[in-house]
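Report on the structure given below.
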2 protein chains.
Amino acid sequence: MVGVVQSVDRALSILELISNYNEGLGITDISESLGLHKSTVHRLLGTLIYKGYVVQDQVSLKYKLTTKLFELGNKIIEGKDILEASKAHTEALMRRLNEVVHLVIRDGTDIVYIDKVEASDSFSMMRMASNIGRRSPLYSTSVGKAMLAFMDEEEVAEIWNASKIVKLTEKTITDFDEFMKELEKIRQLGYAEDDEENELGVRCIGAPIFNRWGEVEGAISISGPTIRITKEKIDEIAEEVKKCAYSISKELGYRG
Amino acid sequence: MVGVVQSVDRALSILELISNYNEGLGITDISESLGLHKSTVHRLLGTLIYKGYVVQDQVSLKYKLTTKLFELGNKIIEGKDILEASKAHTEALMRRLNEVVHLVIRDGTDIVYIDKVEASDSFSMMRMASNIGRRSPLYSTSVGKAMLAFMDEEEVAEIWNASKIVKLTEKTITDFDEFMKELEKIRQLGYAEDDEENELGVRCIGAPIFNRWGEVEGAISISGPTIRITKEKIDEIAEEVKKCAYSISKELGYRG
DNA sequence: AAACAAATTTCGTATTATGAAACTAATTAT
DNA sequence: ATAATTAGTTTCATAATACGAAATTTGTTT
């Protein structure tokens with residue numbers, strides 16, 4: 001590998017190897033696993049200890065990681081907001097499915113659109129300012145339901161009670177018990193569907209985004225006309241949406 | 001620094017530096033901050049990119065960290081249990097204060113002792129098997145109250161209702177409202193006191209331990225006779241107990 | 001369009017990391 | 001109890017490796 005600094009490459013390999021062993025690893029183990037000389041491993045470990053990434057257990061003499069890597073890693077996550085973290089992932093999702101992707105967060109009983117990615121005619125991607133900032137109720141959208149499904153039951157009830165439940169189409173769910181059953185189904189599947197509940201002829205598939213505390217932070221959705229987003233395609237599309245939402249969650253520090 | 005591998009030292013310094021800048025850093029910035037030559041920085045960054053720790057933003061050309069460090073760091077945390085994570089810290093606390101240190105977790109309405117560190121006559125440390133596994137109610141112990149103070153109010157109420165509230169000493173709190181006020185005080189102070197509420201002549205100071213999800217996972221306490229643990233000393237001791245509990249929380253991946 | 005700033009690449013050199021071997025300590029077998 | 005084995009540590013001569021000066025490319029600002 002030309003251009004790659006050997007000792008750095010090796011040192012990082014050692015870190016990666018040790019990270020798999022909570023009990024720690026001995027020099028010989030490491031040396032054999034990585035095909036490095038014992039003294040080389042010893043020297044590199046010395047450097048990692050000097051930098052505070054590794055400690056040697058004084059009883060077993062095994063080398064184990066400290067929490068320094070964890071702390072460093074956290075700093076990256078802390079400063080990230082959902083929009084920034086989503087960017088690359090929503091764009092990729094749009095390109096894959098060639099349908100509009102929305103990113104939303106919650107504000108009270110509503111969802112607020114904070115990003116929208118759609119295909120332009122020329123097959124290049126574009127990010128539309130239109131609709132950003134628009135609000136919709138939680139209870140009648142795929143993104144909203146995806147979020148509610150992973151929130152506390154009490155909070156869901158509060159939001160339901162505070163919402164003005166309106167039958168936007170004949171498919172809108174307006175009964176609380178029925179709605180709770182719907183949420184249970186969403187929990188099972190891991191995604192939510194808006195099957196013309198908000199607007200006739202439009203179908204959406206949404207999945208929740210979790211933050212580093214395991215709390216729902218937002219959601220993404222794919223939406224399009226029922227002619228393109230057919231019942232048959234839903235499973236396939238939902239998988240992509242879920243995968244994308246999970247990737248974003250991971251960027252935010254979710255450990256699921 | 002003899003024995004320290006220069007390039008590894010430098011590469012890790014670069015990682016540490018970049019971790020402070022979510023927007024990323026340019027080669028010149030890094031080179032100036034660390035007093036390294038530009039080409040050296042470039043080469044080391046190349047290696048870090050090759051290993052997946054860093055990416056270069058194609059627009060700004062700035063170098064930023066990926067989530068790889070975060071993922072590596074998490075692996076260390078995931079396998080840790082509270083007993084293992086506490087070991088070194090509780091021992092250090094005992095040595096510092098020369099009083100018994102307890103580690104507990106919750107089981108229903110009780111706390112269960114899972115570790116105890118006390119000084120032996122000969123001033124060397126020993127870990128007593130005695131009392132490990134013993135149970136006490138949450139509501140009347142410093143550790144229990146420390147845990148309750150950082151749990152949901154509803155859960156606290158449930159536990160209170162499920163507990164058989166007994167006046168163990170004249171100081172035991174048996175009124176719910178008074179108890180909730182006590183918890184509020186504990187939240188303010190960050191530690192809980194058992195001022196002869198469980199046993200006359202014994203005073204304890206407890207602090208909660210949080211896990212990576214920010215949930216209460218257990219608690220530690222210092223306990224001793226009221227002659228040694230005097231009212232005047234409480235502040236000072238509490239600081240030590242809090243610090244210790246916080247260190248353990250950090251080992252478990254708590255990001256507070 | 002020129003000047004500037006920043007990133008990247010090249011390359012000769014010597015510093016630096018390397019690994020063989022010797023050494024020490026601890027554990028296991030005889 | 002002693003030898004043998006296994007694992008960790010230290011030393012040191014060698015050459016491979018990382019280094020940094022300088023040149024080049026790329027992009028931005030005046």
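Proteins get letters first, then strands, A, B, ... in listed order; numbering begins at 1 in each.
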query = Quick one: do A/Glu23 and A/Lys64 make a salt bridge, cutoff under 4.0 Å?
reply = no
ask   = Between B/Leu25 and B/Arg10, which has a closest nucleotide on DNA chain C that is more 5'?
value = B/Leu25
task = Please determine if a side-chain N or O atom of B/Gln56 lies less than 4.0 Å away from the OP1 or OP2 oxygen of C/dT8.
result = yes
request  = Taking only Lys NZ, Arg NE, NH1 and NH2, and the carboxylate oxygens of Asp or Glu, determine whether A/Glu240 and A/Lys242 approach each other closer than 4.0 Å.
outcome  = no
request  = Can you check whether any acceptor in the base of C/dA20 is under 3.5 Å from a donor in the side chain of A/Ser39, or vice versa?
outcome  = yes
message = If you compare every side-chain N and O of A/Thr40 against the phosphate oxygens of C/dG19 (OP1, OP2), does one of them come in below 4.0 Å?
response = yes
inquiry  = Tell me the interatomic distance from B/Lys64, atom NZ, to C/dA7, atom P, rounded to whole angstroms.
reply    = 14 Å
ask   = Considering only heavy atoms and no angle criterion, is a donor-acceptor pair shorter than 3.5 Å present between the side chain of B/Lys38 and the base of C/dA7?
value = yes
message = Taking 4.0 Å as the cut-off, does a side-chain nitrogen or oxygen of A/His37 come that near to OP1 or OP2 on C/dT18?
response = no
request  = Check whether NZ of the Lys or CZ of the Arg A/Lys68 lies under 6.0 Å from the centre of the six-membered ring of A/Tyr53 and within 45 degrees of that ring's axis.
outcome  = yes
query = Is there a donor-acceptor contact under 3.5 Å from the side chain of B/Ser221 to the main chain of B/Gly206?
reply = no
remark   = Here the distance between atom P of C/dA17 and atom OH of A/Tyr50, to the nearest Å, is 13 Å
query = To the nearest Å, how far apart are A/Leu48 CG and C/dA17 P?
reply = 13 Å
task = On the 0 to 90° scale, with breaks at 30° and 60°, tag the B/Phe70-A/Phe70 ring pair as parallel, tilted or perpendicular.
result = parallel
key: Length of the CG-P vector between B/Leu44 and C/dT8, whole Å   = 14 Å
message = Distance check needed: C/dT8 P versus B/Ile30 CD1, whole Å only.
response = 10 Å
message = Just to be sure I understand the rule, does B/Glu32 reach a base, reach only the sugar-phosphate, or reach nothing, if contact means heavy atoms closer than 4.0 Å?
response = nothing
request  = Report, as yes or no, whether the 6.0 Å neighbourhood of atom NZ on B/Lys250 holds more than 12 heavy atoms from other residues, nucleotides or ligands.
outcome  = no
inquiry  = Assuming nearest nucleotide by heavy-atom distance, tell me which of A/Gln6 and A/Leu61 is located more 5' along DNA chain D.
reply    = A/Leu61
Identified side chain to side chain contact (heavy atoms under 4.5 Å, CB included) counterpart of B/Ile30 within the set B/Leu45, B/Thr40, B/Leu44 = B/Leu45
remark   = In whole angstroms, the gap separating C1' of C/dA17 from NE2 of A/His42 amounts to 15 Å
note = Contacted region of DNA chain D by chain A, from 5' end to 3' end of the hits, cut-off under 4.0 Å to heavy atoms, spans D/dA7 to D/dA18
